[in-house]
Amino acid sequence: MLGIVAAVLFFVSFLINAADISTNDTFSSVNIMLLGLTALALHVAGIGSGWVRRR
């Protein structure tokens, strides 16, 4: 799930950068890209990957 979130955040960051949309400092393309990297790192670490039943 976090991998999909990361992909969406990267796409939004790309659109903001490609369209040269002026946003405030909070929603700049770099900050959204960093949120995507955080979500991707959590996904790779195994957090948010779903419930696993252990015996």
Side-chain angles (χ1 to χ4, degrees):
M1 184 69 183
L2 286 175
I4 296 171
V5 171
V8 169
L9 287 173
F10 285 141
F11 182 70
V12 169
S13 174
F14 171 75
L15 287 179
I16 290 173
N17 193 16
D20 202 24
I21 299 172
S22 61
T23 58
N24 58 8
D25 291 335
T26 305
F27 294 110
S28 67
S29 63
V30 174
N31 287 342
I32 294 175
M33 182 184 62
L34 290 174
L35 288 174
L37 284 173
T38 303
L40 186 61
L42 290 173
H43 174 73
V44 170
I47 298 172
S49 61
W51 294 97
V52 177
R53 185 175 178 189
R54 296 182 182 159
R55 294 181 184 192

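For the numbers below, each heavy atom of this structure counts, side chains included, while hydrogens, waters and symmetry mates do not.
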Identify the heavy atoms of Gly36 and Ala6 that sit nearest to each other, and give their distance.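 Distance-wise, the nearest heavy atoms are O-CB, 3.4 Å.
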Looking only at non-hydrogen atoms, find the nearest pair between Ile32 and Val12 and report the distance. CD1-CG1, 4.1 Å
ILVMFWY cluster membership beyond Leu40 - transitive side-chain contacts under 4.5 angstrom: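 Other cluster members: Phe10, Val30, Met33, Leu34, Leu37.
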